[in-house]
Number of protein chains: 2
Amino acid sequence: MAPTRAATLTDVAAEAGVSLATASRALNGSDRVVREELRTRVVEAAVRLGYTANAQAQAMARGSTDVVGLLVNDIADPYFSTIAAGLAAAAEEQQLLVMLCSTGGRPERELEFLSALRRQRGRAIILAGSRTSDRRHLGEVSRQLESFIGSGGRVAAITQPRLPVDTVVVDNRGGAHALATELAGLGYRRAAVLAGPEPLLVSRERRDGFVAGWKAAVGTDPVCVADDFSRDGGHRAMTRLLDQAPDVDCVFAANDLMAMGAMATCRERGVRVPKDLGLAGFDDIVSLRDVTPALTTVRLPLADMGRMALELVVGPPEDTLRRPKVKGEVVLRESTPARR
Amino acid sequence: MAPTRAATLTDVAAEAGVSLATASRALNGSDRVVREELRTRVVEAAVRLGYTANAQAQAMARGSTDVVGLLVNDIADPYFSTIAAGLAAAAEEQQLLVMLCSTGGRPERELEFLSALRRQRGRAIILAGSRTSDRRHLGEVSRQLESFIGSGGRVAAITQPRLPVDTVVVDNRGGAHALATELAGLGYRRAAVLAGPEPLLVSRERRDGFVAGWKAAVGTDPVCVADDFSRDGGHRAMTRLLDQAPDVDCVFAANDLMAMGAMATCRERGVRVPKDLGLAGFDDIVSLRDVTPALTTVRLPLADMGRMALELVVGPPEDTLRRPKVKGEVVLRESTPARR
DNA sequence: CTGAAAGCGCTAACAC
DNA sequence: GTGTTAGCGCTTTCAG
């Protein structure tokens, strides 16, 4: 059957025998009050006609939408999907719709999405881990964001404090520092770090925090190997590490994904965790619950971070940049038992 | 600073000294051709003014949008997030925007999203595992979908063949049947099934397929215990199973999440997998890579399923219902070694 | 409390 | 080729 033209507000008004304005006021909220009798007449007419407001038309007339954009690196990564879940729940409470973009790390994709959101006149955009370091690209992003903000849009970021926007910041340094202290206290003596890509701030902070903590506690410098912030990256880094420095007794991977990759390397190489080697990660992603041995990590309240980011973009804008902080909590598990 | 009014096409036209129509044709595509000279003039004016088309206005004038909705149960569940990733990638290729809704299993949320998408005049909506069985609710959903379709919207589902819409269907029965056959071939003799909620079709299909396969191969009826389709559900079900029938030698959990829960129960109870008990799941979610022992499962091409679903809603609509099928592939791993 | 009418920004006939 | 103009569906002054 041919798509029947959807009923419009005009239709409803006619059906109810009232003016367009009254129908609008009765149906789609307004400070104005409509007499109860008319009101019900309109509502009934609307139901009879199966009326659904046209959000586009409303957006145009009102000059604002209910859409917030969420930009993540990879929605299949549990780190991001948990953040997304938290954000989605908060968005629901605020009656906002979430537009999702999983960039797969491609900078051009990021820019496309920003511009799509400008076109959509989105109300806000939330950047979760825009993993880039290319200055040129970062410049472009800033430019896009500026004009988005300039035309009334709100922006918040999660752990990307390089952009001049409200940001949920994670105390990476402190978390990693605390972890190093704990590990040293457990009796480990020869540590290594599997860091993420050097240009990534998060990665540097975690590495530096760990190194500082370790130095303070043990007095030595951990070996550092860098690779991608992914499971495969962890796998490769660990392989190189075992070749370079087979005598380490504990390894800190800059995120859980890398730690899982490292664990896989250990299995392949016959290195027993935690017998031969203590291993720790960072983030406490949900899938960690099911790895064996259970992995020591620094827990981040991921879902809350999504929530917080959304809260940054609703409510009245503030003059000053906000940077709510979340701390990581060291969670010791089987992968790093006390070394006697 | 006050949000400066964004430049409109009218502004651009004025700046370029051409008519509105020409500006529109030059900027936002059209079959009409614009003389090169004017064209560049318009483009330059647009750049100068920082013009961004207003998607709302375009949608209204054109009568269609570039938005597709994706409805999932829980975006933090790796099953859904992997599907979402596949779908997002495909959407990008089609220049479509993805509106995400993570319902958390709440039926009312599902309906709200459907109606939001109608309001948005979304082009299509994809339902991934709308996990419900309530007839009343299903009726409401159908009604919403019908009017969505009636007004030109497209709908596709993933593994929810109860709705009269194009659906990516999974051969749950066949996959589970094949798994049962393999397990029997490996020498297992006393099987149990941790099924999902009885009302869920997927759950019944997997259970029935396994039972049928097992019966054909071994001749007996597996014990069945049902619970939620989640990690916790698997944990509870396994607990009950161990109490009821401690002598089973292999367990099939209706999805990987339940299998992981079951594995946790085993760890707590001191039941060794696979020594005391073989264990298998279904889906092959990505986090499975890192559990020990590696879990036998039936692999589903999750990202592809997201892709396929999107393909169902782009391109010309067909008269007949389409039901592309995907098969599961049995992947034997450490959790089910041969029983001698 | 209700109605008439002026837009919101853009596209697509329809003329020239 | 290019310009004019009539909508798209709704909100919101501005008058009654």
Side-chain angles (χ1 to χ4, degrees), chain A residues 3-43 45-46 49-66 116 118-123 151-152, chain B residues 3-43 45-46 49-66 116 118-123 151-152:
Chain A
T4 46
R5 192 176 68 69
T8 73
L9 192 55
T10 309
D11 299 337
V12 176
E15 171 90 8
V18 302
S19 76
L20 222 202
T22 301
S24 169
R25 298 198 263 253
L27 251 26
N28 307 325
S30 151
D31 35 349
R32 299 291 227 230
V33 185
V34 177
R35 191 167 19 119
E36 187 51 31
E37 181 208 332
L38 283 194
R39 177 185 188 67
T40 42
R41 228 160 74 200
V42 172
V43 171
L49 266 43
Y51 170 74
T52 302
N54 182 324
Q56 255 72 39
Q58 289 184 313
M60 217 163 112
R62 292 206 258 247
S64 81
T65 65
D66 297 333
R118 285 187 62 195
R119 272 198 299 276
Q120 293 293 324
R121 300 297 186 263
R123 193 185 279 201
S151 54
Chain B
T4 45
R5 191 177 68 70
T8 72
L9 191 56
T10 310
D11 300 336
V12 176
E15 171 89 8
V18 301
S19 76
L20 221 202
T22 301
S24 169
R25 298 197 264 254
L27 251 26
N28 306 325
S30 151
D31 34 348
R32 298 291 227 229
V33 184
V34 177
R35 190 163 23 115
E36 187 50 31
E37 181 209 333
L38 283 195
R39 176 183 190 68
T40 43
R41 228 159 74 200
V42 172
V43 171
L49 267 43
Y51 170 74
T52 302
N54 182 324
Q56 255 71 39
Q58 290 184 312
M60 218 163 113
R62 292 206 259 248
S64 80
T65 65
D66 297 333
R118 285 187 62 196
R119 270 198 301 276
Q120 293 292 325
R121 300 297 186 261
R123 192 185 282 200
S151 55

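Chain identifiers are assigned alphabetically (A, B, ...) following the order of the sequence lines, protein sequences preceding nucleic acid strands; residue numbering begins at 1 within each chain.
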**OP:** For B:Arg25 and for A:Ala61, find the nucleotide of DNA chain C with the closest heavy atom, then tell me which residue's nucleotide is more 5'.
**Re:** A:Ala61
Subject >> Angle of first-five versus last-five pair axes in the helix from C:dC1-D:dG16 to C:dC16-D:dG1, to 10 degrees >> reply: 40°
Original post:
Starting at the 5' end of DNA chain D and moving along, which residue's nearest nucleotide shows up first, B:Arg121 or B:Thr22?
Top reply: B:Thr22
Subject >> Nucleotide range of DNA chain D lying under 4.0 Å from chain A heavy atoms >> reply: D:dG9 to D:dA15
**OP:** Check every strand shown and say whether A:Leu20 touches a base, only sugar-phosphate, or nothing at a heavy-atom separation below 4.0 Å.
**Re:** base
Original post:
Touch check for A:Ala59, heavy atoms < 4.0 angstrom, all strands: base, sugar-phosphate only, or nothing?
Top reply: nothing
Once rounded to the nearest 0.5 Å, what's the spacing between atom [atom1] of [X] and atom [atom2] of [Y]?
X       : Y        : atom1 : atom2 : answer
A:Asp66 : B:Gln120 : CG    : CD    : 7.5 Å
B:Arg39 : B:Arg25  : CZ    : CZ    : 12.5 Å
B:Gln58 : B:Thr65  : CD    : OG1   : 11.5 Å
B:Gln56 : A:Arg121 : CD    : CZ    : 8.0 Å

Subject >> Leading and trailing nucleotides of DNA chain C with any atom under 4.0 Å from heavy atoms of chain B >> reply: C:dG9 to C:dA15
All side chain to side chain contact (heavy atoms under 4.5 Å, CB included) counterparts of [X], not counting sequence neighbours:
X        : answer
B:Ala116 : A:Leu97, B:Arg119
B:Arg35  : B:Glu37, B:Leu38
B:Leu20  : B:Leu9, B:Thr10

Subject >> B:Asn54 vs B:Thr8 side-chain heavy atoms within contact, under 4.5 Å >> reply: no
**OP:** Would you indicate whether the side-chain heavy atoms of B:Val42 and B:Val34 approach each other to under 4.5 Å?
**Re:** no
**OP:** Might you point out which heavy atoms bring A:Ala6 and A:Asp11 nearest each other, and give the distance in Å?
**Re:** O-OD2, 4.2 Å
